[in-house]
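These notes are about the structure you will find just below.
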There are 2 protein chains.
Amino acid sequence: MQCDTKIKLLDHAERLFAEKGIRATSIRDLASAAKVNVAAVNYHFGSKDGLMTQVIERRLVPLNQVREERLTLVLSIAESEGRQPKIEDLLRALIEPTFEFAARLPESQPFLELVGRAMSGTDAQFREIFHRQFEPLFQILDTATQSALPHIPPQELRCRLYFAMGSLHSAMRMVGRKDTVLFPTSETSNVPVVTEMVLNFIASGLRAPCTREGKA
Amino acid sequence: MQCDTKIKLLDHAERLFAEKGIRATSIRDLASAAKVNVAAVNYHFGSKDGLMTQVIERRLVPLNQVREERLTLVLSIAESEGRQPKIEDLLRALIEPTFEFAARLPESQPFLELVGRAMSGTDAQFREIFHRQFEPLFQILDTATQSALPHIPPQELRCRLYFAMGSLHSAMRMVGRKDTVLFPTSETSNVPVVTEMVLNFIASGLRAPCTREGKA
DNA sequence: GTCTATACGATGATAGAC
DNA sequence: GTCTATCATCGTATAGAC
């Protein structure tokens, strides 16, 4: 199987990047962990940047596909019933897929943290991935939320969507944590709890009354 | 003046890190831009990590001091009037200082973007800075918001504070942008507008009804 | 103390044999 | 596809000039 090395590299890179950070993980460290040759990374991915991109996109592309499908479904149902979509349904289509596979596969939770960090980090390369992967999704969300909340100026609603993405990324960074600050007593997975809490938080933020020019 | 080199390095590093990302900025690039020797970074900061830390903390430490002072003031006023603090006042103490100096000094806006990114990024080192610098502030906020919103379970409120920080960091990454997506017509600074909008968003999110165990 | 020139080991990347 | 050898560049350390 020719893909074995490639997949091993992606798996180990995902884990090491999430644990130690991307900058602190060298290609030689990774090659040792995956038990492959040091040149394999450059052969399969062209560069370390190429590897990082594929580590992210391997998860992010199918995730955004599911998000888009569920968004489209919510919109078509609303249209067939001759009403505007509900904001909670739109947000559920965006947020639930994020955590669903993490709930099924606890070992994939480090990836959630990695994506949540990479999408907000300093590397210009990841900003590009974020914009490329989220542009179509964002267009749909932007239009849909305007329909759901017509009393909010489109410009402010668009800003709130960015705030919401910040909250969602915070939640993604949070799910792997078992520390005592956030979940002192829980022994079960906190994924379903975090999902509902962030959904609740964002929905309330998006519904807020319009911001006045002069302060409150 | 013996600090000239140090300050030049901090200034240029801040700008280059915000523009190209930290990983993509080499010490030699930085030394060329600042017109100093390559060894100057290691002499003044010990390492590139040390430089990055000081670039962030140079702004973050005084910012958090102002935040803490204003938080304490809000709490003492509320206590002297024999009432609980208002959540909007608490948030204003947290958020307004973030953008105030950016509004006065437009050239410092790239720094806001840098901090907003670094605090959420993949580098484990910055996570440490974030926790070290925010721990006392977070303790105050945690207690104060519990007083302001006693009907929300402390555990959920703590999570919401993390979501709020994600939104705030999103806003910080946003203020420097002059693109057409968010601010199509504005020619003036968008800083005051963003400040009020994110405050409004977060306040509404924190006030949300408690999340049920079973979904809505 | 402050700064410079220079050298060292490790890193990401590449070329060519197998 | 995989490997070894090699390269330019990176972050870092040191010795010494001012």
Side-chain angles (χ1 to χ4, degrees), chain A residues 1-58 114 117-118 121-129, chain B residues 1-58 114 117-118 121-129:
Chain A
M1 168 68 86
Q2 77 273 16
C3 299
D4 189 42
T5 299
K6 199 168 181 176
I7 291 182
K8 274 199 295 186
L9 279 173
L10 286 172
D11 287 342
H12 283 87
E14 177 172 293
R15 181 180 52 83
L16 289 173
F17 287 171
E19 283 174 7
K20 315 200 306 175
I22 295 174
R23 200 175 51 91
T25 302
S26 74
I27 287 184
R28 286 169 176 83
D29 287 344
L30 171 59
S32 297
K35 290 168 186 160
V36 301
N37 191 271
V38 281
V41 168
N42 281 276
Y43 173 76
H44 284 285
F45 304 100
S47 66
K48 189 181 180 181
D49 280 15
L51 170 64
M52 298 188 303
T53 300
Q54 289 210 31
V55 167
I56 301 294
E57 293 192 339
R58 172 169 75 142
L114 178 62
R117 293 195 175 282
T122 61
D123 280 330
Q125 172 195 10
F126 290 136
R127 266 174 267 180
E128 193 199 324
I129 297 180
Chain B
M1 167 69 85
Q2 76 274 16
C3 300
D4 189 40
T5 300
K6 199 169 180 175
I7 292 181
K8 273 200 295 185
L9 279 173
L10 286 171
D11 288 341
H12 283 87
E14 178 171 292
R15 182 179 52 82
L16 288 173
F17 286 171
E19 284 174 6
K20 313 199 309 175
I22 294 173
R23 200 176 51 90
T25 302
S26 74
I27 286 184
R28 285 168 176 84
D29 287 345
L30 171 60
S32 297
K35 290 167 186 160
V36 302
N37 191 272
V38 281
V41 168
N42 279 274
Y43 173 74
H44 284 285
F45 305 99
S47 66
K48 188 181 181 181
D49 281 13
L51 169 64
M52 298 189 301
T53 300
Q54 289 211 30
V55 166
I56 301 294
E57 293 193 340
R58 171 169 76 143
L114 177 63
R117 294 194 175 282
T122 61
D123 279 330
Q125 172 195 11
F126 290 134
R127 265 173 268 180
E128 192 200 325
I129 297 179

Check the distance between [N]'s [atom2] and [X]'s [atom1] and give it to me in whole angstrom.
| X | N | atom1 | atom2 | answer |
| --- | --- | --- | --- | --- |
| A:Asn42 | C:dT11 | CG | P | 14 Å |
| B:Phe45 | C:dC3 | CZ | P | 11 Å |
| B:Ile22 | D:dG11 | CD1 | C1' | 15 Å |
| A:Asp49 | D:dT9 | CG | C1' | 15 Å |
| A:Arg23 | C:dA10 | CZ | C1' | 14 Å |
| B:Lys48 | C:dG9 | NZ | C1' | 17 Å |
| A:Leu30 | C:dA10 | CG | P | 19 Å |

**Asked** Quick one: are B:Thr53 and B:Phe45 in side-chain contact, heavy atoms under 4.5 Å?
**Response**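 No, every pair of side-chain atoms sits at 4.5 Å or beyond.
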**Message:** For a quick test of reading the model: is some side-chain N or O of B:Thr5 closer than 4.0 Å to OP1 or OP2 of C:dC3?
**Reply:**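 Result: yes.
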**Message:** For C:dC3 and B:His44 - does any side-chain N or O of the residue sit under 4.0 Å from the phosphate oxygens OP1/OP2?
**Reply:**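 Yes.
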Closest to the [X] side chain: [options]?
| X | options | result |
| --- | --- | --- |
| B:Tyr43 | D:dT12, C:dC3, D:dG1 | C:dC3 |
| B:Ser26 | C:dG12, D:dT2, D:dC10 | D:dC10 |
| A:Ala39 | D:dC10, C:dG12, C:dA15 | C:dA15 |
| A:Ile27 | D:dG11, C:dA13, C:dC3 | C:dA13 |
| B:Arg28 | D:dC10, C:dT14, C:dC3 | D:dC10 |
| A:Asn37 | C:dT14, D:dC3, D:dG11 | D:dC3 |

**Prompt:** Just how far is it from atom CG of A:Asn42 to atom CG of A:Leu51, taken to the nearest 0.5 Å?
**Reply:**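 That separation rounds to 9.5 Å.
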**Prompt:** Which heavy-atom pair separates B:Leu30 from B:Ala13 by the least distance, and what is that distance?
**Reply:**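 Distance-wise, the nearest heavy atoms are CD1-N, 3.5 Å.
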**Request:** Would you confirm whether A:His12, through its side chain, and A:Lys8, through its main-chain N or O, come within 3.5 Å as a donor-acceptor pair?
**Result:**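 Here the side-chain-to-backbone pair exists.
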**Asked** Taking NZ, NE, NH1 and NH2 as the nitrogens, is one of them in A:Arg58 or A:Asp11 under 4.0 Å from a carboxylate oxygen of the other?
**Response**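 A:Asp11 and A:Arg58: salt-bridged.
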